[in-house]
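First up is the structure itself, then whatever we jot down about it.
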Amino acid sequence: MFSFPTAHTTVMGILNVTPDSFSDGGQFLDPADAVRRALTVENEGAHIVDIGAQSTRPGATPLAPEEEWARLSPVLDALKGTLTIPISVDTFEPLVAKNALANGAVILNDVSGSLTNDFPAIAAAHGAGLVMMARDAANPLDVRRYFETALTVADKAGLPMESLCLDIGIGFHQSREADYQILRALPRIIKGLPEVAVMCGASRKRLIAFAAGDCPADKRLGGTLALHTAAQLGGATVLRVHDVKEAVQAATVTDYLKGDDRYDRLEAF
């Protein structure tokens, strides 16, 4: 049974095998390029690689499950026995999810926001981890309500809490201001919930340009690190990123900052 790590913040490196993802579409569509990218993600220190064969950017045309699996299958085949870090698959199609778990993946990253698509039961049956995303929220209260319901649904499906990760859905809400409100309120959103992994995936997203002025996706590293550090300090334990090496360094330093109590032991002067 897969369990999300608890000793450190988990960095999940992104690998899109798509022609149309908002930041890196087309770069890793060829399976050989995808394998090289997966190995780079691992070598740069990521704890998980998250592979997506269907773009979830705004306005993307959904793929049929068979086409999505046709993109994903050769990459999973080529990675067998190659990677030592766990493989997550970014999908909301049950057929793709089941095939992926039968072919090397150990985590399902479901961005659909659905509470009725049987993903908790699929993950439980395969001993897999599951990410469930709150999305289309207008405010932090909507995210809290989704999390409470998702926890109940996962528990009823027999999925252990340590195998579940709740994604705050940054970039998928009703407005960019709602994204920022949710990030600010993260400690209150998760207060009192069972101990469970919490994900933030703000990497290179448009809310960075919303606050910092127009800049292309590949020039948003600074904003990404700022948002992820804020999320980590607010209680996020999993960060989904494009720029792995920089994200690992930032997350490691932030973990140290959170856990360093030397100043608490100093007497007042």
Side-chain angles (χ1 to χ4, degrees), residues 1-15 38 41-42 46-53 56 72 76 79-80 83-135 143-170 172 186 189-201 228 231-232 234-241 251 255:
M1 179 68 69
F2 177 84
S3 297
F4 285 94
T6 58
H8 55 74
T9 298
T10 298
V11 173
M12 175 184 279
I14 297 168
L15 169 53
V41 165
E42 179 179 45
H47 307 103
I48 298 169
V49 61
D50 186 48
I51 307 175
T56 55
L72 186 60
L76 291 179
L79 289 175
K80 287 177 181 176
L83 285 181
T84 62
I85 59 174
I87 294 173
S88 168
V89 168
D90 183 347
T91 186
F92 47 81
E93 292 287 355
L95 172 66
V96 176
K98 292 174 184 177
N99 286 349
L101 293 178
N103 286 273
V106 295
I107 304 167
L108 299 176
N109 182 12
D110 175 19
V111 302
S112 71
S114 174
L115 295 165
T116 61
N117 62 0
D118 292 328
F119 267 49
I122 293 170
H126 288 81
L130 174 64
V131 181
M132 298 178 72
M133 177 190 282
R135 58 179 296 163
V143 176
R144 171 69 182 214
R145 288 170 175 160
Y146 175 86
F147 281 2
E148 290 173 345
T149 306
L151 286 163
T152 299
V153 169
D155 184 60
K156 288 182 177 178
L159 187 70
M161 289 297 100
E162 59 267 25
S163 300
L164 179 64
C165 178
L166 299 175
D167 188 341
I168 61 176
I170 294 302
F172 286 85
L186 181 55
I189 290 171
I190 64 176
K191 184 178 181 179
L193 294 179
E195 188 172 342
V196 65
V198 176
M199 179 185 288
C200 179
H228 282 172
Q232 195 177 345
T237 57
V238 183
L239 305 174
R240 185 176 181 271
V241 307
D255 274 346

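In this structure, CD in Q232 is found 5.5 Å from CG in L239, a value given to the nearest 0.5 Å. Atoms CD1 and CZ, on I87 and F2 in that order, are 11.5 Å from each other to the nearest 0.5 Å. Atom CZ of residue R135 and atom OG of residue S114 lie 10.5 Å apart, to the nearest 0.5 angstrom. Distance check, rounded to the nearest 0.5 Å: CG of L79 to CG of N103 gives 11.5 Å. Once rounded to the nearest 0.5 Å, the distance linking CG of L186 with SG of C200 reads 8.0 Å. Rounding to the nearest 0.5 Å places CE of M12 at 5.5 Å from CG of N109.
Under the 4.5 Å side-chain criterion, counting only non-hydrogen atoms from C-beta, I189 is not in contact with I168. For the pair T152 and E148, the minimum side-chain heavy-atom distance is 4.5 Å or more. When side chains are defined from C-beta on, N99 does not count as touching L72, because their heavy atoms never get closer than 4.5 Å. Side-chain atoms of F4 and T237, non-hydrogen and from C-beta on, never get closer than 4.5 Å to each other. Put simply, the side chain of M132 reaches to within 4.5 Å of the side chain of P120, judged on heavy atoms.
Closest heavy-atom contact between I85 and I48: CD1-C, 3.9 Å. What you find for A121 and A157 is that their closest heavy atoms are N-CB, 3.7 Å. Residues S112 and N117 share a closest heavy-atom pair of OG-ND2, 3.6 Å. Of all heavy-atom pairs between S88 and D50, the closest is OG-OD1, 2.6 Å. The two atoms that bring A123 and L159 nearest to each other are CB-CD1, 3.9 Å, heavy atoms only. Counting all heavy atoms, side chain and backbone alike, A97 lies closest to F119 at CB-CZ, 3.7 Å.
A donor-acceptor pair under 3.5 Å is formed between the side chain of D255 and the backbone N or O of T9. One N or O on the side chain of Y146 and one on the backbone of M133 form a donor-acceptor pair closer than 3.5 Å.
Within a 6.0 Å radius of NZ in K191, other residues, nucleotides and ligands contribute 12 heavy atoms or fewer.
No option in D90, T91, L108, L101 other than T91 meets the side-chain contact (heavy atoms from CB on, under 4.5 Å) test with V96. Each of I190, V131, L151 was compared with L166 under the side-chain contact (heavy atoms from CB on, under 4.5 Å) criterion, and only L151 meets it.
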Stepwise, does the side chain to side chain contact (heavy atoms under 4.5 Å, CB included) test hold for M199 with T10?
-> CA-CA 9 Å; M199 179 185 288; T10 298; over 6 Å; no
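Between R240 and D167, no side-chain nitrogen of the basic residue sits less than 4.0 Å from a carboxylate oxygen of the acidic one, so the salt-bridge criterion is not met.
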